[in-house]
Amino acid sequence: MYFFERNEQFKNNIACICDDGCEYTYQQLWDMGDELLEEDEANAKAGRHLVLLQVSNDIESLAAYLANLRAGNPVILMSKDADQSLVDGMKENYGLTGESANSEAPGADKLNPDLALLLSTSGSTGAQKLVRLSYENLQSNCDSIVEYLGLTSEERPITTLPMEYTYGLSVLHSHLAVGATIILTNKTLFNGEFWEMAEKYGATSMAGVPYTYAMYDRLKLTQMDLPDLKTMTQAGGHLKPELQEKFAGWAAETDRKFFVMYGQTEATARMSYVPPERCLDKPGSIGIPVPGGRMEIVDDEIIYYGPNVSMGYATCTEDLAKEDENRGRLATGDMGYMDEEGYFYITGRKKRFIKLQGKRISLDQIQDVLTEELPDAKAGALDLAVTGEDDREIAVWIAGRKADNTAGRKADSTGELAEAIQKIFEEKWAIRGRMVSVKEIDRIPRNTSGKIIYKELRNK
């Protein structure tokens, strides 16, 4: 049985507790979704067709999403906050010429029968390139997450990530599969009502990307009185070693579990995880493959195999009819290695290596080293990113320079900071200053999951 289907075992369980305090059973959640579909006369007559849903962490979005999956309608998810021009562009690109569910949308003859969901590859709501996910992809990854996290109907996760983002969506899928109660909120971590809800409704778990964990740390989550909180999960990028050590240590001391995980939209959500008991002695590792998956290193690249590997990409309507092009194999684009115990590590992105002065250099490694070596960056008073081109130069982009009392100093002037950066390049990589440029900008562009959008930097 798929996680989105009506499971009589759960019908009286509380499925969601919302921002307004209202509770909805699974039966009510299913009925609401069916009613939303029936209210649209064109939808009722259309048969199986493509649907675009603009969603947020609310009951109507979740009900409509699940109902369309039950009806067999492949869904494109976008944020309710997405710019209208991006929404219009998506509709035009994929043949959705009217409302999101209508008779003019691509129908069954243009859709692969296994196609269930289309998600942006980057978490950006405006990307036209979408990942094609099948029903098997969704369910297999859901099952493996349930298994390694040990989820039961007693869980009460609180939403901390957007529904249209693969990681946030996987939290919903895996908990719906076991009949758990989701605390469904659009409140941010900086809103006191978020923490009131977490305490009042007994949140048992929280998820987060590296940026989220930086906020957890700033808000002193480890000092909060949250007795029901038992599990913390992290994915969506490399977590600073000191934060991994801090949260893993706190979890071990307080009888909680802290999971570091690795995944991509192209693999539905999760590909590997670090068991909580190994988090402290495997710093920086992305862990071992999830149940049902397998990983290997081929020419220094991490290759993943499993039933959760997507069918491929779509850039236009014609691609929606394509067969499974990946056949269970995903070249992740991440370079790395496996240690003697079978734990995997990432050393950088394949596309983020350049050749400079005859040397092969990882821009991700440089970025990590600078973040660690520059006091303001390490203290969170300075945000930075690194880009580069073969045999030309490396650009260090800096933003958010301000006084940082926690570091016991003020941010350097741009000139002094540039000198400090160039000194690090000379000492660490023997790269002379003329090959390095330091550029100050207002902010480092990031997508909804907190990842840096390097393309925007290169276009500046």
Is the closest side-chain heavy-atom distance between Phe190 and Leu219 below 4.5 Å? yes

Considering only NZ, NE, NH1 and NH2 on the basic side and carboxylate oxygens on the acidic side, decide whether Lys282 and Glu341 come within less than 4.0 Å. yes

Between Arg6 and Asp31, is there a salt bridge with N-O shorter than 4.0 Å? yes

Tell me whether the NZ or CZ atom of Arg270 lies within the 45° cone about the ring axis of Tyr167 and under 6.0 Å from its centre. yes

Asp217 bridged to Lys240 by N-O distance under 4.0 Å: no

In the structure I gave you, are the side-chain heavy atoms of Ile288 and Pro275 within less than 4.5 Å of one another anywhere? yes

Distance under 6.0 Å and angle within 45° of ring axis: Arg70 vs Phe4: no

Have Ser362 and Asp364 got a donor and an acceptor in their side chains that come within less than 3.5 Å? no

So among Lys322, Glu266, Lys129, Arg132, which one has a side-chain hydrogen bond (donor to acceptor under 3.5 Å, both in side chains) with Tyr313? Glu266

Leu117 versus Leu169: any side-chain heavy-atom pair under 4.5 Å? yes

Given side chains that start at C-beta, do those of Leu50 and Tyr94 come closer than 4.5 Å, heavy atoms only? yes

Pair Phe344, Tyr304 - check ring-ring contact (aromatic ring centres under 6.0 Å, His included), show working. CA-CA 11 Å; Phe344 287 80; Tyr304 176 83; 9.8 Å; no

Do Asn13 and Thr181 have side chains that approach each other closer than 4.5 Å (heavy atoms only, starting at C-beta)? no

For the side chain of Asp114 and the backbone of Ser134, is there at least one donor-acceptor N/O pair under 3.5 Å apart? no

Using a strict threshold of under 4.0 Å (side-chain N to carboxylate O), is an ion pair present between Asp334 and Lys350? no

Would you say the side chains of Glu296 and Tyr305 form a donor-acceptor pair under 3.5 Å? yes

Quick one: does His175's side chain get under 4.5 Å of Leu151's, heavy atoms only? yes

Distance only, no hydrogens: is a donor on one side chain within 3.5 Å (strictly under) of an acceptor on the other, for Ser140 and Asp143? no

Given side chains that start at C-beta, do those of Thr347 and Gln365 come closer than 4.5 Å, heavy atoms only? no

Contact check, side chains of Met335 and Asp300, non-hydrogen atoms, under 4.5 Å: yes

Run the salt-bridge test on Asp228 and Arg156 with the 4.0 Å N-O cut-off and return the result as yes or no. no

Taking everything shown except Glu277 itself, do over 12 heavy atoms lie less than 6.0 Å from its CD? yes

Out of Asp19, Thr160, Asn57, Asp58, which residue meets the side-chain hydrogen bond (donor to acceptor under 3.5 Å, both in side chains) rule with Thr185? Asp19

